[in-house]
Each structure stands twice: as C-alpha cells, then as structure tokens.
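Reading through the structure tokens given below for one structure.
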Amino acid sequence: YAKAMMEHKDFTTLKKPEQADLVRLTVKDMGFPQGAIIQEIYAKSEELGMELCPAEVGPHYRLAYTNQPMGEWVHIGMKQIADPDGRPDVFNVERGEGGLWLGNVWVGPEDRWNTDRQFVFRLRKSKT
C-alpha cells in the first residue's frame, strides 16, 4: 500500500530539496489526554506552530530513521492519499519482526487516535 501511495497522482515531490525541521509528538503531548480524531490533531499541530509534512517526508524519514526501536510506529502528519481501495491513508514508519518498514495507516475521519500514537509534523517555515 505504501508503494501504491507513492505511485498515486497526489504523491508529489518538491522541485528543489529543502531542509525540513521535523517534530515528533504523541497525541497526549499535543494536549489530548483522552485521545483525539485526526481533524483535532491536525488543528492542534497548526496551533502549536507546525504544519503538515509534504508526502515525500514519509519515505525520507523511513530511510533516515535506521535505529528505530522494535515495535514502534510513527505516523506522518500529511495530507491523506487514497490507497488502492479508496481509503484515506498516511505513511507510517515502523519496525517489527520483519525489519524496518514504510507502511500506511487508514485515517478515518471519526477514528479516535490513542494518546500514545506518535505523529511527525514539520515546523512552520518562517515567512522571512
């Protein structure tokens, strides 16, 4: 599914490489002690001075994060891309028994994300 996301027309890359300052937070770190739905998480990230990552951050983050702990999943805060079944997905970077993976996770609009779920966002670029 991650490969299909990268082949989707909505997966675009920047014309020129740029440095992205990334921040990784749990849902609880963002101020949601009972969990939150994705719209709340994305709105809070903006309130905290972050923005959604370009989709290409998912594959780049996977390649760079080689010492990821076993069993950890990190979701990329990004505009969703439809998977082959038409469901809205974001990339996730995971490490399991089979090694390091770039995967996908369905982002249902009413699904509640547990407090320990981790998201990566980009710090908002300075306008100067």
Side-chain angles (χ1 to χ4, degrees):
Y1 282 101
K3 182 179 180 203
M5 287 173 63
M6 289 189 288
E7 293 170 348
H8 194 280
K9 66 177 176 56
D10 290 341
F11 180 83
T12 58
T13 58
L14 300 173
K15 291 182 190 318
K16 291 169 58 175
E18 65 179 44
Q19 181 68 32
D21 294 318
L22 303 177
V23 176
R24 188 169 77 183
L25 298 167
T26 65
V27 172
K28 185 176 182 178
D29 291 337
M30 296 178 75
F32 299 108
Q34 304 300 319
I37 61 173
I38 199 68
Q39 292 87 344
E40 294 170 326
I41 293 167
Y42 282 7
K44 183 59 124 176
S45 72
E46 193 172 313
E47 188 181 307
L48 294 172
M50 297 173 282
E51 60 188 14
L52 297 181
C53 295
E56 67 187 274
V57 167
H60 285 292
Y61 197 75
R62 169 64 292 149
L63 291 171
Y65 191 22
T66 57
N67 62 342
Q68 185 174 16
M70 182 66 75
E72 182 184 69
W73 288 45
V74 180
H75 309 293
I76 306 300
M78 58 180 272
K79 181 180 174 214
Q80 294 96 354
I81 296 176
D83 68 19
D85 298 324
R87 297 177 305 201
D89 286 356
V90 297
F91 288 116
N92 68 322
V93 172
E94 57 190 83
R95 181 175 187 183
E97 296 290 327
L100 300 171
W101 291 92
L102 175 66
N104 69 305
V105 63
W106 181 44
V107 183
E110 299 303 318
D111 290 344
R112 195 154 206 70
W113 293 77
N114 293 334
T115 59
D116 62 344
R117 293 295 184 111
Q118 297 182 71
F119 281 86
V120 169
F121 293 99
R122 180 168 74 172
L123 283 177
R124 193 173 301 124
K125 291 188 281 186
S126 170
K127 296 187 185 200
T128 59

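With contacts defined as side-chain heavy-atom distances shorter than 4.5 Å, the pair V93/Q68 qualifies. Q80 is listed as a side-chain neighbour of I38, based on a closest heavy-atom distance under 4.5 Å. By the 4.5 Å heavy-atom criterion applied to side chains, F91 and M5 are counted as neighbours.
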Check: residues 48-61 side-chain donor-acceptor pairs under 3.5 Å, at least two apart:
{"from": "E51", "atom 1": "OE2", "to": "R122", "atom 2": "NE", "distance (Å)": "2.9"}
{"from": "E51", "atom 1": "OE2", "to": "R122", "atom 2": "NH2", "distance (Å)": "2.7"}
{"from": "E56", "atom 1": "OE2", "to": "L14", "atom 2": "N", "distance (Å)": "2.5"}

With a cut-off of 3.5 Å and sequence neighbours excluded, list every side-chain donor-acceptor pair involving residues 104-116.
{"from": "N104", "atom 1": "ND2", "to": "D89", "atom 2": "OD2", "distance (Å)": "2.6"}
{"from": "D111", "atom 1": "OD2", "to": "G108", "atom 2": "N", "distance (Å)": "3.4"}
{"from": "R112", "atom 1": "NH2", "to": "G35", "atom 2": "O", "distance (Å)": "3.3"}

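One distance of note links CE of M70 with CD of E97; it measures 5.0 Å at 0.5 Å rounding. Once rounded to the nearest 0.5 Å, the distance linking CH2 of W73 with CD of Q118 reads 12.5 Å. Taking CE of M6 as the reference point, atom OG1 of T12 lies at 13.5 Å (rounded to 0.5 Å). Atom CG of residue N92 and atom CD1 of residue I76 lie 8.0 Å apart, to the nearest 0.5 angstrom.
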inquiry  = Would V74 and E94 count as a side chain to side chain contact (heavy atoms under 4.5 Å, CB included) here? Give the steps.
reply    = CA-CA 6 Å; V74 180; E94 57 190 83; over 6 Å; no
task = Start with the C-alpha distance between Q39 and K44, add both sets of side-chain angles, then the distance that settles side chain to side chain contact (heavy atoms under 4.5 Å, CB included), and finish with yes or no.
result = CA-CA 9 Å; Q39 292 87 344; K44 183 59 124 176; over 6 Å; no
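Between H75 and F119, the ring planes are tilted. Angles from 30° to 60° get that label.
For the pair F121 and S45, the tightest heavy-atom approach, listed with the atom from each and the gap, is CE2-OG, 3.6 Å.
For D10, the side chain to side chain contact (heavy atoms under 4.5 Å, CB included) partners are H8, I81, not counting sequence neighbours. Considering only residues two or more places apart in sequence or on other chains, Y1 meets the side chain to side chain donor-acceptor pair (under 3.5 Å) condition with D85.
Following chains of ILVMFWY side-chain contacts shorter than 4.5 Å, one cannot reach V120 starting from L100, and the two form parts of different hydrophobic clusters. No continuous path of hydrophobic side-chain contacts links I37 to L25 [ILVMFWY only; heavy atoms under 4.5 Å]. Residues V23 and F32 fall within the same hydrophobic cluster, defined by Ile, Leu, Val, Met, Phe, Trp and Tyr side chains chained together at heavy-atom separations under 4.5 Å.
Residue pairs meeting the salt bridge (Lys or Arg N to Asp or Glu O under 4.0 Å) criterion with at least one member in residues 19-34, sequence neighbours excluded, are R24-E72. Listed by first and then second residue, the salt bridge (Lys or Arg N to Asp or Glu O under 4.0 Å) pairs involving residues 60-70 amount to none (not counting sequence neighbours).
Checked by atom type and distance alone, the side chain of R124 pairs as donor or acceptor with a backbone atom of E46 at under 3.5 Å.
Atom CD of Q34 has 12 or fewer neighbouring heavy atoms from other residues, nucleotides or ligands inside a 6.0 Å radius.
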